[in-house]
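Start at 1 and go down the list; that is how both ligands and their atoms are numbered. All values reported here derive from a predicted model rather than from experimental measurement.
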Amino acid sequence: MRSFTHINAGTVHETCALLSKYNGKAVLNAGGTDLLSTLKGEHLFDYPEAVINTKTISGLDYIREDGGVLEIGALAKLSEIVKSPLLKKNYMALVEAARSVATPQIRNAATMGGNLCQDVRCWYYRYPRHIGGPIRCLRKGSGPCLAVKGDNRYHAIMGGRRCFAVCPSDTAVALVALDAQITIAGPKGERKIAMIDFYSPLGNALKKDEMVTGITVPRITGPMKQRYLKFALRKPVDFAIVGVASVIAIEEGVCTDVRIALGAVAPGVVRARRAEETLRGCYINEDIVSQAAEEALAGARPLSMNAYKVEITKTLVKRAILI
Ligand SMILES: Cc1cc2nc3c(=O)[nH]c(=O)nc-3n(C[C@H](O)[C@H](O)[C@H](O)COP(=O)(O)OP(=O)(O)OC[C@H]3O[C@@H](n4cnc5c(N)ncnc54)[C@H](O)[C@@H]3O)c2cc1C
Ligand code: SF4
């Protein structure tokens with residue numbers, strides 16, 4: 001690890017001012033579970049001059065409901081999300097997603113904002129300096145995408161055009177199914193965008209001087225069955241090969257409303273809108289759910305080594321609706 005200036009931030013405003021001052025040469029440190037491995041591995045070509053500790057900002061770790069709208073602060077720990085009685089009552093998809101992240105120790109340190117903003121896990125991108133890295137690639141600004149011709153077994157099966165690294169966040173998938181918005185603060189104030197629009201092919205929607213301050217989930221009207229299902233190799237601690245979140249309202253066997261989100265299949269989270277349209281207004285049985293699962297994956301274009309993810313995703317979509 002190289003040396004850097006360490007700053008304890010007092011407020012969101014101060015944090016954004018510091019990000020602005022350092023003009024891309026400062027990074028935020030929340031729980032540090034992702035950032036510290038980036039700093040130690042030195043797999044990026046740019047090394048930060050300053051690390052801004054956001055844990056010293058008070059009041060950003062809330063989990064509350066205001067007028068039926070759920071609000072979670074960027075500094076809420078994943079372990080608190082897992083334990084929260086409020087979330088267990090109405091937002092089970094998010095609880096299941098947070099519970100599926102890593103280990104209890106990591107969930108005790110990792111924050112909501114950090115989980116959403118964590119960097120990708122592509123092994124070419126993360127190849128450490130001390131064993132021959134860093135490796136240049138498109139996401140780092142120059143060179144080809146090495147996953148296209150290389151070992152791409154964990155990469156995107158849809159939506160990848162220039163970079164095929166998948167969004168690694170489990171909670172983002174549940175939040176998209178819950179139709180959440182993400183609140184972003186910058187020197188000029190706050191803005192909100194839909195969670196589904198947060199990720200871009202080479203990163204996310206944050207500008208150099210912005211940070212995430214929290215998420216909001218709109219009021220849930222009526223009973224909705226919620227699931228987050230994840231397929232991972234090492235079940236107690238591993239990133240998703242595929243994650244699927246569903247939020248569905250069923251009245252007398254008929255689907256009246258549904259949202260399905262697919263994770264770890266694309267650079268961002270994917271809404272399976274055609275599958276949702278197929279299910280809406282229909283009596284839920286195995287046939288219609290199988291048809292919906294096919295439609296959810298109709299846009300899949302697997303790379304040379306990851307076609308297996310298509311079948312796993314279809315299976316998780318079916319299970320999320322039927323079980
Ligand atoms: C062994 C292991 C297994 C894991 N398994 C999973 C898994 O199964 N599923 C999963 O989803 N994740 C997994 N992770 C990743 C883990 O969830 C993340 O490291 C963690 O959620 C990041 O949160 P943090 O608060 O520690 O973020 P940090 O490490 O502090 O920050 C991560 C990144 O986000 C940025 N950042 C932090 N907060 C903000 C903010 N408020 N606004 C803008 N940018 C911000 C930082 O600058 C940094 O770039 C795993 C990690 C490890 C080490
Ligand atoms: S998938 Fe993305 S991060 Fe990985 S090598 Fe290709 S461009 Fe780089």
Side-chain angles (χ1 to χ4, degrees), residues 9 12 15-16 19 26-39 43-44 48 51-55 57 60 73-78 81 97-103 105-127 134-152 154-156 160-174 182-186 198 201-207 209-215 228 230 232-241 243 263-264 267 303:
V12 168
T15 308
C16 296
L19 288 172
V27 288
L28 303 185
N29 184 36
T33 60
D34 180 35
L35 183 77
L36 293 186
S37 64
T38 300
L39 297 180
H43 57 257
L44 299 180
V51 172
I52 304 168
N53 175 24
T54 57
K55 288 186 292 298
I57 303 174
L60 218 55
L75 288 177
K77 300 270 174 60
L78 296 186
I81 289 171
R99 192 163 52 208
S100 80
V101 171
T103 60
Q105 292 89 338
I106 290 173
R107 293 195 293 272
N108 274 337
T111 61
M112 182 80 260
N115 190 257
L116 298 177
C117 298
Q118 62 176 298
D119 211 348
V120 293
R121 290 272 149 182
C122 169
W123 41 30
Y124 298 108
Y125 182 80
R126 291 235 174 199
Y127 202 79
I135 294 179
R136 287 195 186 282
C137 79
L138 199 64
R139 197 177 184 96
K140 291 181 187 170
S142 64
C145 169
L146 297 160
V148 173
K149 292 187 178 166
D151 189 330
N152 48 42
Y154 302 133
H155 287 75
R161 276 194 203 98
R162 299 191 293 156
C163 169
F164 293 83
V166 296
C167 171
S169 168
D170 285 305
T171 62
V173 189
I182 186 161
T183 309
I184 295 170
F198 184 59
L202 294 177
N204 61 39
L206 290 174
K207 296 185 188 133
D209 51 8
E210 289 183 326
M211 69 176 284
V212 172
T213 56
I215 59 110
Y228 179 72
K230 170 168 168 176
L233 291 182
R234 296 172 301 167
K235 303 243 174 300
V237 45
D238 218 345
F239 288 90
I241 301 281
L303 299 166

Point-to-point distance, once rounded to the nearest 0.5 Å, from OG1 of Thr171 to CD1 of Ile215
8.0 Å

From CG (Leu138) to SG (Cys145), nearest 0.5 Å
7.0 Å

I'd like to know if [X] contacts ligand 1, where contact means a heavy-atom distance under 4.0 Å to any ligand atom.
X: Ala172; answer: no
X: Lys230; answer: yes
X: Asp238; answer: yes

Close N or O approach ([X], ligand 1; < 3.5 Å):
X: Leu35; answer: yes
X: Pro168; answer: yes
X: Ala109; answer: no

Does some side-chain heavy atom of [Y] sit less than 4.5 Å from a side-chain heavy atom of [X]?
X: His43; Y: Thr38; answer: yes
X: Phe164; Y: Asn152; answer: no
X: Val166; Y: Tyr154; answer: no
X: Lys140; Y: Pro134; answer: yes
X: Ile57; Y: Thr15; answer: yes
X: Leu19; Y: Leu28; answer: yes

Quick one: which ligand 1 atoms are inside 4.0 Å of a heavy atom on [X]?
X: Ala110; value: 20 (C), 21 (O), 23 (O), 24 (P), 25 (O), 26 (O)
X: Met211; value: 41 (N), 42 (N), 43 (C)
X: Ser100; value: 8 (O)
X: Ser169; value: 11 (O)

Please report the closest heavy-atom contact between [X] and [Y], naming both atoms and the distance.
X: Ile52; Y: Ala26; value: CD1-CB, 3.9 Å
X: Val12; Y: Ala185; value: CG1-CB, 3.5 Å
X: Ala240; Y: Lys230; value: N-CE, 3.7 Å
X: Thr54; Y: Ala30; value: OG1-CA, 3.5 Å

Phe239 meets the side chain to side chain contact (heavy atoms under 4.5 Å, CB included) criterion, sequence neighbours left out, with Gln118, Arg121, Pro168

Please list the nearest protein heavy atom to [atom] with its residue and the distance rounded to 0.1 Å.
atom: atom 37 (C) of ligand 1; value: Gly114 CA, 3.6 Å
atom: atom 46 (C) of ligand 1; value: Leu28 O, 3.0 Å
atom: atom 50 (C) of ligand 1; value: Phe239 CZ, 3.1 Å
atom: atom 25 (O) of ligand 1; value: Thr111 OG1, 2.6 Å
atom: atom 9 (N) of ligand 1; value: Asp170 OD2, 2.6 Å
atom: atom 53 (C) of ligand 1; value: Ile106 CD1, 3.7 Å
atom: atom 24 (P) of ligand 1; value: Gly31 N, 3.5 Å
atom: atom 36 (N) of ligand 1; value: Cys117 CB, 3.9 Å

Can you sort out the partners of Arg126 under salt bridge (Lys or Arg N to Asp or Glu O under 4.0 Å), two or more places apart, ordered by chain and number?
Asp34

So what's near atom 4 (Fe) of ligand 2, protein N, O or S atoms under 2.8 Å?
Cys122 SG

Test log, rule side chain to side chain contact (heavy atoms under 4.5 Å, CB included), inputs Asn29 and Leu39:
CA-CA 11 Å; Asn29 184 36; Leu39 297 180; over 6 Å; no

Out of [options], whose heavy atom sits nearest [atom]?
atom: atom 42 (N) of ligand 1; options: Leu36, Val212, Ile57; value: Val212
atom: atom 21 (O) of ligand 1; options: Asn53, Thr33, Asn115, Asn29; value: Asn115
atom: atom 12 (N) of ligand 1; options: Met112, Glu210, Gln105, Gln118; value: Gln118

Tell me, yes or no, whether the heavy-atom count around Lys235 atom NZ, taken from other residues, nucleotides or ligands under 6.0 Å, exceeds 12.
yes

Identify, with sequence neighbours excluded, every residue that meets side chain to side chain donor-acceptor pair (under 3.5 Å) alongside Lys55.
Asn53

Heavy-atom distances under 4.0 Å are what count here, so tell me which part of Leu206 touches ligand 1: side chain, backbone, both or neither.
side chain

